[in-house]
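Report on the following structure.
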Amino acid sequence: NPKRLPELKGHNTNKCGLPVSAFNGDEYGNPREVSFKVRSEGRTNANGPWNWNVFGGKCNIDLCQEILEAEGEYSINSCCYYAEHCFPETDSCPSGNFACTDEDDCESKSVFQRINM
């Protein structure tokens, strides 16, 4: 939930012009490469036959730090806003294993994206 981010504290999140977007792009703010997996809706109360679930890559916290040092700020659509707060905690993360470091497999497209557009 983007409303949990400290950058939005004191802002009316129902208004336009926020410093952080609810869109979750890559580290540079570009659209994230995703894949879709079909899942049966029989496991939920939606009563539908199936649902498309979005899966994408992790957000590289080391790359975020490099961007911040080089540019002084992140793009409004950068996943780095979320990754900074996800790395020590997971309550505001788009998924439980959303943030990664250079040592981890940051290219994996198997992370379920709870927030997407």
Side-chain angles (χ1 to χ4, degrees):
N1 184 346
K3 294 178 182 180
R4 294 182 183 173
L5 295 174
E7 290 83 3
L8 295 181
K9 189 173 184 167
H11 289 274
N12 181 347
T13 56
N14 295 323
K15 301 285 184 180
C16 296
L18 297 174
V20 179
S21 174
F23 173 77
N24 181 6
D26 68 7
E27 293 85 357
Y28 294 99
N30 299 316
R32 181 178 292 281
E33 289 186 31
V34 296
S35 62
F36 293 89
K37 294 184 182 178
V38 179
R39 287 186 169 173
S40 168
E41 276 292 315
R43 296 180 288 166
T44 69
N45 292 328
N47 298 318
W50 48 266
N51 186 20
W52 291 92
N53 289 267
V54 179
F55 287 77
K58 300 176 183 180
C59 192
N60 187 331
I61 197 79
D62 293 327
L63 179 56
C64 292
Q65 192 61 38
E66 289 176 23
I67 293 169
L68 190 59
E69 289 172 4
E71 299 180 23
E73 64 183 0
Y74 302 127
S75 164
I76 190 172
N77 295 328
S78 176
C79 64
C80 296
Y81 289 107
Y82 297 93
E84 281 184 348
H85 303 287
C86 292
F87 205 62
E89 304 171 12
T90 59
D91 64 337
S92 62
C93 298
S95 64
N97 57 348
F98 177 72
C100 64
T101 61
D102 282 337
E103 292 83 34
D104 298 333
D105 178 20
C106 290
E107 299 301 317
S108 173
K109 301 290 186 277
S110 62
V111 178
F112 176 60
Q113 303 291 308
R114 290 188 307 202
I115 59 172
N116 63 77
M117 296 186 75

Would you say Cys59 and Cys100 have SG atoms less than 2.5 angstrom apart? no
Tyr81 and Tyr74 have their tightest heavy-atom pair at OH-O, 3.3 Å
Run the side-chain donor-acceptor check on residues 60-70: report pairs under 3.5 Å with partners two or more places apart or on a different chain.
{"unit_1": "Asn60", "atom_1": "OD1", "unit_2": "Asp62", "atom_2": "N", "d": "2.9"}
{"unit_1": "Asn60", "atom_1": "OD1", "unit_2": "Leu63", "atom_2": "N", "d": "3.1"}
{"unit_1": "Asn60", "atom_1": "ND2", "unit_2": "Asp102", "atom_2": "OD1", "d": "2.7"}
{"unit_1": "Asp62", "atom_1": "OD2", "unit_2": "Asp102", "atom_2": "N", "d": "2.7"}

Can you list the residues that meet the side-chain hydrogen bond (donor to acceptor under 3.5 Å, both in side chains) rule with Asn77, with sequence neighbours excluded? Ser21
Considering all heavy atoms of both residues, which atom of Arg32 and which atom of Cys79 are nearest to each other, and what is their separation? NH2-CB, 3.1 Å
Do side-chain atoms of Ser78 reach the backbone of Tyr28 as a donor and acceptor pair under 3.5 angstrom? no
